[in-house]
2 protein chains.
Amino acid sequence: MQPEISDHIFYSFLTGGLCASSSTTSTTTTSSFYPFTIEDTISQEKALAAQRNHKEAERRRRERINSHLNKLRKLLSCNSKTDKATLLAKVVQRVKELKQETLEITDETLPSETDEISVLNSEDSSSYNEDGRIIFKVSFSCEDRPDLLQDLMETLESLQMETIFADLTTVGGRSRNVLVVAADKEHHGVESVQFLQNALKSLLERSSKSVMMGHGGGGGERLKRRRALDHIIMV
Amino acid sequence: MQPEISDHIFYSFLTGGLCASSSTTSTTTTSSFYPFTIEDTISQEKALAAQRNHKEAERRRRERINSHLNKLRKLLSCNSKTDKATLLAKVVQRVKELKQETLEITDETLPSETDEISVLNSEDSSSYNEDGRIIFKVSFSCEDRPDLLQDLMETLESLQMETIFADLTTVGGRSRNVLVVAADKEHHGVESVQFLQNALKSLLERSSKSVMMGHGGGGGERLKRRRALDHIIMV
DNA sequence: AATGACACGTGAGGC
DNA sequence: TGCCTCACGTGTCAT
């Protein structure tokens, strides 16, 4: 908080108002002999009013900005003493994170246009470990067919793998399946990724054979449909 | 961009340095007769240096803040002429949206601890319409069992409803099923919501019967497990 | 003492 | 012209 006095001193110094107009500054068209003419007084009052307006407008602007910054502090559950710069840096990071997060979720959930298979074992990418068991994450997209799920379960059963988590999404005739499966370490190692991949590949081949006829349209129709569904799902 | 000259004039005015120290400002302990002592010069240089440091530090601070603001402009694909205040308002809105979005997604996807049934017809909440068909959104959580899916499909088939979208998530012995189904308007109206709800209710009752024995543990164990799975899924 | 962060008032420039 | 936004330099408080 600044003392109000300094404001006025400062201002009158810069404008050269109250002291005199006899300095090197260009004199006004009204080159009166007397330092205080009516016009001078009026224009000075106007100038003062303008300056006051300006000052207050600027204050409001600052308040607006700071209020939004405070909202962001709350949203990021930041201490009220967090720097503006640091806060904004965190906001940038958070927005990036959230953006990618939702992207990944929809990407991982919705079927892709093309057939895809992905098999990961958890030891590759993270240190997750369950004693005596090895965990795989399986994800694939393909055309949907009535007995796809049953085939999948039989496949996993024949590989002696237990399904811990399953997310099966079907939309517009295509299916996206994400599974987390556990296998005994006696029978399986990291090389079992190959088994899984091959088993899934044959699954997809069966799938593409069985749907050879029936679907004539291309992907465009499906895309339109998916968008409509997105609308519903958001309800 | 301000002319540098005014800086120096302004500064020397405020410090009262170059002119005189005979003003009302408190004189220094060195009350020398001469206006320019060595100590004065030295302290003035120091003061000047300090002021310069201060000025530049403040400039850097501004640059830091503005750089983050520009990053946010890019992230929100805002025009570079967007107000700081407006930009920040949009950032606040965006963060809120994204937060709720991810929350809804995980909420809609993961099974809830308690059994739940929700049936909506799209005409209630949105204007979505498909000529000659009425669309329902079905969502329920229950204990998982081997023939749950088959029962569900049979139920829908018996109701003459076609599944447009299905998202089936199973984790830790519980199942979350979200379906969008379409029904012919000849056979179904908005009142069919009741049929669906009743059919699902019996489905869940069958489910809870079939799992009466087997699961002894409560929900705590499952929660732990789900958290571990979240870890995997994020890979 | 020195540094950093902030609010302030101001001039400049865009409509 | 007036209104609005911004960058700037400053005083001030806290660490």
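Proteins come first, then strands; the chains are lettered A, B, ... in the order of their sequence lines, and each starts at number 1. Keep in mind that what you see is a predicted model, and the values were worked out from it rather than measured.
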> Over how many whole Å does the gap from A:R52 atom CZ to D:dG2 atom C1' extend?
Replying inline: 15 Å

>> Distance check needed: C:dA5 P versus A:L88 CG, whole Å only.
In response: 13 Å

>> Treating B:S192 as the side-chain partner and B:G189 as the backbone partner, does any N or O pair qualify as donor plus acceptor under 3.5 Å?
In response: yes

>> By nearest heavy atom, map B:K84 and B:H54 onto DNA chain D; which one lands nearer the 5' end?
In response: B:K84

>> I need the CD-C1' distance between A:Q51 and C:dG11, as an integer number of Å.
In response: 9 Å

> Rounded to whole angstroms, how far apart are CG on B:N53 and C1' on D:dG9?
Replying inline: 14 Å

> Between A:E56 (CD) and C:dT10 (C1'), how many Å, whole number?
Replying inline: 15 Å

> Hey, is B:R174 close enough to B:D115 for a salt bridge, meaning N to O under 4.0 Å?
Replying inline: yes

> Taking CG from A:L48 and C1' from C:dG9, how many angstroms apart are they, rounded to a whole number?
Replying inline: 14 Å

>> Counting only heavy atoms and a strict 4.0 angstrom limit, can you tell me which residues of residues 58-72 of chain A come near DNA chain C?
In response: A:E58, A:R62, A:N66

>> Ignoring hydrogens and geometry beyond distance, is a side-chain donor-acceptor pair present between A:N177 and A:S175 at under 3.5 Å?
In response: yes

>> If you assign each of A:T86 and B:K81 to its closest nucleotide in DNA chain C, which residue comes earlier from the 5' end?
In response: A:T86

>> Less than 3.5 Å apart, any donor N or O on the side chain of B:N66 or B:K84 sitting next to an acceptor on the other?
In response: yes

>> In this structure, how many angstroms lie between the P atom of D:dT15 and the CG atom of A:N79, rounded?
In response: 12 Å

> If you measure from the Lys or Arg side-chain nitrogens to the Asp or Glu carboxylate oxygens, is any gap between A:K99 and A:E104 under 4.0 Å?
Replying inline: no

> In whole angstrom, what separates A:D83's CG from D:dA14's P?
Replying inline: 16 Å

> How many angstroms lie between CZ in B:F136 and NE2 in B:H188, if you round to the nearest 0.5 Å?
Replying inline: 7.0 Å

